[in-house]
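Basis for what follows: all heavy atoms, side chains included, without hydrogens, waters or symmetry-related copies.
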Amino acid sequence: MDELMPLIEQLKITEDVKAREEYLEKLTDLISESEDSEDDLSQPLLNSGILEDVHKLLINASESSFTSKCAQLVAELAKTESLRGPLVEKGFVPPLLQLLNSNDVQLAIQGCRALGNICYDNDAGRNAVDEANAMKQLLDLLRTQLKNDAEGADRLRTIACGFLLNLTNTHEALQEKALEEDVLKLLDQCLQLHLPDQGLTNMALLTISSIADSDFGKEMISESEMPKTLVSVLASKEGESHQDTILDLLISLADSDKIKDTLADTNLSNHLIKIIQCNTGRSDDDSQQCVKIASDLLVSLLVGDKSMEKLFGGGEGPVFMESVKWLEGNTDTLKVSGALAIGNFARSDEHCHVLVEDGVMDKLLELVREEAADNKEHNITLQHAVLSALRNLAIPAPNKPRMLKAGVLDVVLKLSQTEVMAVVFKLLGLIRMLIDSQEEASKSLGCDKDFVLKLVEWCGVEGHAGVTGEATRLLAWLIKHSKSSDVMKNIIKNDGIQYLVGMATSEHVVMQNEALFSLTLICSTVLGDAAVPLKEADLATTITTLLKNPDTIPEILCNTLSLTRSICTAASPTSPQAIPCSLLACTGILSDVQSNLREELVASGIADITRELSLHEEEKVKEVAKSVLAFIDDSPVNR
């Protein structure tokens with residue numbers, strides 16, 4: 001500060017151009033050196049009037065060298081965040097923009113430096129440049145320098161690209177203007193013509209990354225040659241120093257299915273495999289991070305349907321073959337990526353058959369066994385990924401009995417002691433797929449008292465809607481696919497009824513139907529055991545609420561009416577025919593609680609609601625409603 005203020009005063013009073021240049025140079029050096037100082041010079045500089053003085057010097061300068069010195073000082077001042085706003089307010093942007101038209105390379109460099117620093121994280125500066133309609137001016141400057149081999153042209157290209165980055169970063173309106181001016185083609189040319197220039201290549205890549213942050217930017221990139229150029233840069237010798245930047249950028253771009261397909265048609269996957277192979281086994285952080293990013297990108301490519309098929313290659317694609325190897329390796333990162341890759345390949349029934357036939361399922365199962373071991377530190381991410389893959393494998397009907405025979409259910413149940421709800425969610429989804437249409441497996445699991453108790457606990461877990469939904473659906477599926485009274489009684493005994501009744505009012509139609517179907521089976525099979533918990537769960541209110549709601553769709557109306565009918569009827573011990581509940585009550589077959597449940601339902605106004613539904617516009621609803629009325633009207637309450 002002691003040196004700075006006298007220099008500013010000397011600059012104010014001197015008339016000699018050479019002396020002024022010297023003072024400007026010294027001021028620039030001092031301000032540059034002060035970046036590492038703990039002293040905040042912004043307020044003293046503002047109070048000194050230096051901005052006003054330099055602005056006058058800038059607009060009145062007659063020699064390019066003096067103008068360049070002024071712009072250089074502004075560039076240093078603009079490195080301080082609190083000075084960027086005042087520099088815009090004092091009107092520095094218009095005269096600095098004029099420097100971009102200069103044939104003097106050094107002058108254009110300092111103009112771009114100053115403007116780039118003013119625009120860094122500063123919308124006021126960006127808007128000032130925008131108001132001057134300078135986007136085309138900047139891009140034209142960069143275009144004219146693409147093939148210029150004069151001294152300083154390489155630095156100007158880099159500085160101009162840096163200005164472009166700071167101007168457009170996080171500013172979607174300016175990004176769109178740049179895209180309209182064909183900025184992607186320009187950046188593509190920068191990469192292709194000047195790849196050995198690390199500074200320019202880095203700036204170009206960062207600018208592309210910034211543009212890719214917006215949906216519009218991604219869309220425009222997907223329609224350009226940029227994805228292919230990025231892969232070429234990554235595969236080149238010069239691209240090695242930009243590997244992390246390119247991989248991060250490609251991961252961001254791979255959100256787009258169109259870009260996934262484009263990338264799958266390049267040699268990107270093969271290059272990623274080489275990167276992984278070269279870095280696997282190394283203990284340094286950079287190598288491990290490189291493995292993770294490259295494998296994450298490979299997995300990301302597999303999310304697209306077309307790209308997944310391409311990389312599967314009929315079960316012989318390099319990516320598929322490599323991902324299978326990862327499952328057997330010693331690198332946890334690659335085990336997770338391998339499981340995620342297999343899970344993506346298993347989105348096709350045809351692939352699922354291949355994965356089971358070729359023993360890939362067995363490799364996944366071995367990972368589960370390892371994770372279930374008591375003496376091992378558990379990898380939650382790996383458990384989640386493996387369970388997801390196994391769930392996808394269990395979806396095709398032919399795979400279910402084969403997987404059950406291989407012991408998948410017994411092995412994965414060892415993970416049921418986990419307290420990690422994300423793992424529980426995947427575990428429940430896998431089990432639900434495994435027991436689909438598998439009567440014996442459903443009955444065996446549904447009769448397992450410990451498992452059903454745990455399942456009911458998960459139905460009531462707080463803070464994870466996915467787990468509660470999957471757990472309750474699995475209760476319903478155990479009933480549906482076993483059709484076993486023993487399973488139903490086990491669920492009743494362990495307080496599962498309340499959750500089935502609750503699921504009947506789910507916002508998801510599929511879950512509503514599953515709940516109503518399972519409750520209908522219970523009421524028609526073991527009503528005596530279920531009557532008390534059904535009454536406590538206020539089933540009658542749930543039924544009337546569904547039937548009275550004008551928004552309830554016909555399918556749910558029909559299933560709710562069927563449930564109503566099952567409550568008002570019961571199977572005779574000697575005949576499969578339905579017998580009116582009132583007759584069963586007279587013969588003593590129904591307990592008092594069962595009669596109370598039925599009468600509670602009748603007393604709730606179900607008869608009037610059902611009569612109204614018998615006039616419904618949907619023929620199926622009318623038909624079921626009339627069949628229910630036949631039993632309700634025979635009830636003692638209505639006689």
Counting only N and O atoms by type, is there a donor-acceptor contact under 3.5 Å from the side chain of Ser337 to the main-chain atoms of Leu334?
no
Check whether any side-chain heavy atom of Glu357 sits under 4.5 Å from a side-chain heavy atom of Arg402, and report yes or no.
yes
If every non-hydrogen atom of Ile275 is compared with every non-hydrogen atom of Gln243, which pair is closest and at what distance?
CD1-OE1, 3.6 Å
So, the side chain of Arg473 versus the backbone of Arg432: is there a donor-acceptor pair under 3.5 Å, distance only?
no
Taking Leu234's backbone N and O only, do any of them form a donor-acceptor pair with His271's side chain (distance below 3.5 Å, no angle check)?
yes
Does any non-hydrogen side-chain atom of Trp458 lie less than 4.5 Å from one of Leu474?
no
Worked check of side chain to side chain contact (heavy atoms under 4.5 Å, CB included) between Leu141 and Leu156
CA-CA 9 Å; Leu141 168 64; Leu156 178 54; 4.2 Å; yes
Which pair of heavy atoms, one from Thr266 and one from Lys228, lies closest together, and at what distance?
CG2-CG, 4.2 Å
Decide, yes or no, whether a salt bridge links Asp29 with Lys26 under the criterion of side-chain N to carboxylate O below 4.0 Å.
no
Less than 4.5 Å apart, side chain to side chain, heavy atoms only: is that true for Leu272 and Leu247?
yes
Taking 4.0 angstrom as the limit, do Asp130 and Lys177 come out as a salt bridge?
yes
Is Ser222 reaching over with its side chain to a backbone N or O of Glu219, donor-acceptor style, under 3.5 angstrom?
yes
Using the ring of each side chain (for Trp, its six-membered ring), is Phe345 parallel, tilted or perpendicular to Phe312, with breaks at 30° and 60°?
tilted
Side-chain touch Thr229/Val233, heavy atoms, less than 4.5 angstrom:
yes
Taking the side chain as everything from C-beta on, heavy atoms only, tell me whether Glu238 gets closer than 4.5 Å to Thr201.
no
So that I can tick it off, tell me whether Lys79 and Glu76 are bridged by a salt bridge, with the cut-off set at under 4.0 angstrom between side-chain N and carboxylate O.
yes
Side chains of Asp213 and Ser210: donor-acceptor distance under 3.5 Å anywhere?
no
Does Ser348 reach the main-chain N or O of His351 with its side chain, forming a donor-acceptor pair under 3.5 Å?
yes
Would you mind checking if Asp123 and Arg126 are paired as a salt bridge, meaning a charged N to carboxylate O distance below 4.0 Å?
yes
With a 3.5 Å cut-off and no angle check, do the side chains of Asp154 and His194 form a donor-acceptor pair?
no
Please confirm whether the backbone N or O of Ala394 pairs with a side-chain atom of Asn399, one donor and one acceptor, at under 3.5 Å?
no
Quick check: closest heavy atoms across Leu327 and Leu367, and the distance to 0.1 Å?
O-CD2, 3.7 Å
Give a yes or no on this: more than 12 heavy atoms of other residues, nucleotides or ligands lie within 6.0 Å of atom CZ of Phe320.
yes
So with a 6.0 Å cut-off around CD of Glu366, is the heavy-atom count from everything else above 12?
yes
Please lay out, stage by stage, how Lys335 and Trp326 fare under the test side chain to side chain contact (heavy atoms under 4.5 Å, CB included).
CA-CA 5 Å; Lys335 286 181 181 179; Trp326 294 344; over 6 Å; no
Lys363 NZ to Leu355 CG distance, which is reported to the nearest 0.5 Å:
11.5 Å
Please check if any side-chain donor atom of Gln192 sits under 3.5 Å from a side-chain acceptor atom of Asp188, or the reverse.
yes
Separation between CD1 of Ile211 and CD of Glu172, rounded to the nearest 0.5 Å:
11.5 Å
Donor-acceptor check, side chain of Asn392 to backbone of Arg347, threshold 3.5 angstrom: yes or no?
no
Test item: side-chain donor near acceptor, Asn148 and Gln145, under 3.5 Å:
yes
Quick one: are Leu164 and Leu187 in side-chain contact, heavy atoms under 4.5 Å?
yes
What's the shortest heavy-atom distance between Leu174 and Met135, and which atoms?
O-CE, 3.4 Å
So, Lys258 and Asp261, do they make that salt bridge, N to O below 4.0 Å?
no
Would you say CG of Asp284 has more than 12 non-hydrogen atoms from neighbouring residues, nucleotides or ligands within 6.0 angstrom?
yes
For Leu253, does its backbone N or O pair with a side-chain atom of Ser256 as donor and acceptor, under 3.5 Å?
no
Should the heavy atoms of other residues, nucleotides or ligands under 6.0 Å from CG of Asp257 be counted, would the total exceed 12?
yes
Enter the distance from Ile109:CD1 to Thr158:OG1 here, rounded to the nearest 0.5 Å.
9.0 Å
Is Leu387 close to Leu415 at the side-chain level, that is, under 4.5 Å between some pair of heavy atoms?
yes
Residues Lys292, Asp296: salt bridge by 4.0 Å N-O rule:
yes
Is Arg84 close to Asn117 at the side-chain level, that is, under 4.5 Å between some pair of heavy atoms?
no
Looking at Lys260 and Ser300, what are the two nearest heavy atoms and their distance?
CE-O, 2.9 Å
Check whether any side-chain N or O of Gln137 sits under 3.5 Å from a backbone N or O of Leu97 as a donor-acceptor pair, and report yes or no.
yes
Which atoms form the tightest heavy-atom contact between Val105 and Glu151, and what is the distance?
CG1-O, 4.1 Å
Look at the side chain of Ser32 and the backbone N and O of Thr28, then say whether any donor-acceptor pair between them is shorter than 3.5 Å.
no
Decide side chain to side chain contact (heavy atoms under 4.5 Å, CB included) for Lys414 and Val368; before the verdict, give the C-alpha distance in whole Å, the side-chain angles of both, and the deciding distance to 0.1 Å.
CA-CA 9 Å; Lys414 294 177 182 177; Val368 177; over 6 Å; no
Gap separating the CD atom of Gln106 from the OG atom of Ser68, nearest 0.5 angstrom:
6.5 Å
Distance (rounded to the nearest 0.5 Å) between Leu146 CG and Leu200 CG:
8.5 Å
Glu370/Val386 under side chain to side chain contact (heavy atoms under 4.5 Å, CB included): CA gap, chis, key distance, verdict:
CA-CA 12 Å; Glu370 292 174 7; Val386 172; over 6 Å; no
Strictly by modelled atom types, are Glu322 and Gln277 linked by a side-chain donor-acceptor pair under 3.5 Å?
yes
What distance do Leu139 atom CG and Leu167 atom CG have between them, rounded to the nearest 0.5 Å?
9.0 Å
